[in-house]
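For reference, the structure is listed below as structure tokens.
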Amino acid sequence: MAHAIRRADLAAHMTGTARSAETRATAQEIGLVDQVFDTAAEAVVDADLVVLCVPVGAMEAVAREIAPHLAPGATVTDVGSVKQAVIDSVAPHLPAGSHFIPGHPLAGTEHSGPRSGFAELFDNRWCILTPPEGCDPAALAHLTQFWRGMGANVDLMDAPHHDLVLAVTSHTPHLIAYTMVGVADDLRRVTDSEVIKYSAAGFRDFTRIAASDPVMWRDVFLTNKDATLEILGRFTEELFALQRAIRQGDGALLHDYFTRTRAIRRGIIDAGQDTDAPDFGRVRKHGADS
């Protein structure tokens, strides 16, 4: 966000903080923001906009810390992958007069840390905002324009619907990726070097998203467990149907199923949310995969 904000000149002054002293030192060294503080309480003083960029399990503690130090009329948002749990944990602690508008940019890489960012991350990607009932229209419009200024498309959803959609498009796929890599690790019939050396496209892509931050994903599954379990149950039913088709040699069912699902993949490309380039468009930009 800092790179995208600077690219579009969206803020006069940016401050930041991080739990790790090493991360704070690196952010200061590379000039990621204008000022780096040791605590979140210090970082939010006089801020017009506060963005909570922490694992969803840490949101409540941060909200408690910053609440007494927020400027009157400040807008507070977040980038968490789960929305209802964030609303439940953050909103009760914010002072009257502040504007809490949860958000989720659907963009990211498997890399983390202050050196992993790049300004183009949000270009033509979606940012979903989940404004609560009674949200201030001016604050919502301002935040919407802010995200558009960073290159994102913006859509509005209610929090439960967001959590169900993301359980399909992000949370369950990550869980499956972690599981598939775990299965490969358990298979003693192949060596570690063979798994790495002969990784074809499918396993390569599984390992890419399975390299994501473990703390962040632990919190996602714990805070969006109902929607994730619902979609995981549906996935299991589909998997059993395919298992039965393979066992029974039902080629027609497999062909029809793969034809239908391939059309969905082509729809993602047609919508500009990925590319059919051989490298999947994931060329390195400023030290991170796009």
Side-chain angles (χ1 to χ4, degrees), residues 1-2 5 14-28 32-33 35-45 47 49-71 74-95 98-117 121-122 127-132 143 147 159-160 162-163 166-167 170-171 174-175 178 209-229 288:
M1 288 186 70
I5 290 168
M14 284 190 289
T15 64
T17 185
R19 180 184 58 180
S20 161
E22 179 181 1
T23 300
R24 295 195 299 271
T26 301
Q28 187 79 63
L32 190 62
V33 293
Q35 284 183 284
V36 178
F37 291 97
D38 291 345
T39 67
E42 296 172 286
V44 304
V45 172
L49 174 66
V50 175
V51 187
L52 306 181
C53 304
V54 297
V56 291
M59 293 283 186
E60 182 172 12
V62 175
R64 287 178 181 272
E65 179 185 352
I66 67 173
H69 307 280
L70 290 172
T75 295
V76 178
T77 188
D78 76 299
V79 296
S81 184
V82 180
K83 294 274 67 79
Q84 189 60 57
V86 170
I87 292 171
D88 293 342
S89 62
V90 172
H93 304 293
L94 299 184
S98 63
H99 308 294
F100 180 44
I101 308 174
H104 179 203
L106 307 186
T109 74
E110 70 272 29
H111 303 288
S112 58
R115 297 187 187 276
S116 297
L121 179 65
F122 307 112
C127 178
I128 299 175
L129 301 179
T130 59
L143 184 61
W147 274 108
H162 165 278
D163 291 352
L166 268 293
S170 178
H171 304 167
H174 274 81
L175 188 64
Y178 281 117
I209 62 174
S212 301
D213 181 74
V215 174
M216 179 181 74
W217 283 102
R218 176 202 65 192
D219 288 358
V220 165
F221 293 124
L222 291 178
T223 54
N224 196 31
K225 61 182 180 181
D226 290 341
T228 302
L229 288 172

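These numbers come from the heavy atoms of this one structure, side chains and all, not from hydrogens, waters or symmetry mates.
Inter-residue side-chain proximity for Val50 and Thr75 is flagged as unmet; no heavy-atom pair is nearer than 4.5 Å. Between Pro95 and Pro68 the shortest side-chain heavy-atom distance does not fall below 4.5 Å. For the pair Ile66/Leu52, a side-chain contact is recorded, criterion being any heavy-atom separation below 4.5 Å from C-beta on. Inter-residue side-chain proximity for Val79 and Met1 is flagged as met; some heavy-atom pair is nearer than 4.5 Å. Leu94 has its side chain within reach of Val76: a pair of non-hydrogen atoms, C-beta onward, lies under 4.5 Å apart. Within the 4.5 Å cutoff, the side chain of His104 has no heavy atoms near those of the Cys127 side chain. Counting heavy atoms from C-beta outward, Val36 and Val33 have side chains that approach closer than 4.5 Å. At a threshold of 4.5 Å between non-hydrogen side-chain atoms, the residues Trp147 and Leu129 count as touching.
Side-chain atoms of Glu60 do not come within 3.5 Å of backbone N or O of Val90 as any donor-acceptor pair. Side chain of Asp163 to backbone of Asn224: no donor-acceptor contact under 3.5 angstrom is found. Gln84 places no side-chain N or O within 3.5 Å of a backbone atom of Ala159 that could act as its donor or acceptor partner. Thr15 places a side-chain N or O within donor-acceptor distance of the main-chain N or O of Ala43, the cut-off being under 3.5 Å. Put simply, the side chain of Thr23 never gets that close to the backbone of Ala18: no donor and acceptor are under 3.5 Å apart. Judged by distance alone, the side chain of Thr77 and the main-chain N or O of Ile101 form a donor-acceptor pair under 3.5 Å.
Shortest non-hydrogen contact noted between Val44 and Ala41 is CG2-O, 3.5 Å. In terms of heavy atoms, Val220 sits closest to Ser81 at CG2-CB, 3.9 Å. Between Met59 and Ser89, the shortest heavy-atom contact is CB-OG, 4.1 Å. Residues Ala47 and Ala74 share a closest heavy-atom pair of O-CB, 3.5 Å. Between Ala58 and Asp219 the shortest heavy-atom distance is N-OD2, 4.2 Å. In terms of heavy-atom proximity, Val56 sits nearest to Gly80 at CG1-CA, 4.0 Å.
How far OG1 of Thr228 is from CG of Leu175: 7.5 Å, rounded to the nearest 0.5 Å. Rounded to the nearest 0.5 Å, atoms NZ (Lys83) and OG1 (Thr223) are 9.5 Å apart. Here the straight-line distance linking atom CD1 of Ile128 with atom CG of Leu106 works out to 4.5 Å at 0.5 Å rounding. To the nearest 0.5 angstrom, His93 atom NE2 is 4.0 Å from Arg64 atom CZ.
For the salt bridge (charged side-chain N to carboxylate O under 4.0 Å, His left out) condition, the pairs that include at least one residue of residues 17-27, sequence neighbours left out, are Arg24-Asp38.
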For side-chain contact (heavy atoms from CB on, under 4.5 Å), just list the numbers for Val82 and Leu166, CA-CA rounded to whole Å, side-chain angles, deciding distance to a tenth of an Å, and then say yes or no.
-> CA-CA 8 Å; Val82 180; Leu166 268 293; over 6 Å; no

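Between Trp217 and His174, the ring planes lie parallel to each other; the angle is under 30°, not in the 30° to 60° tilted range.
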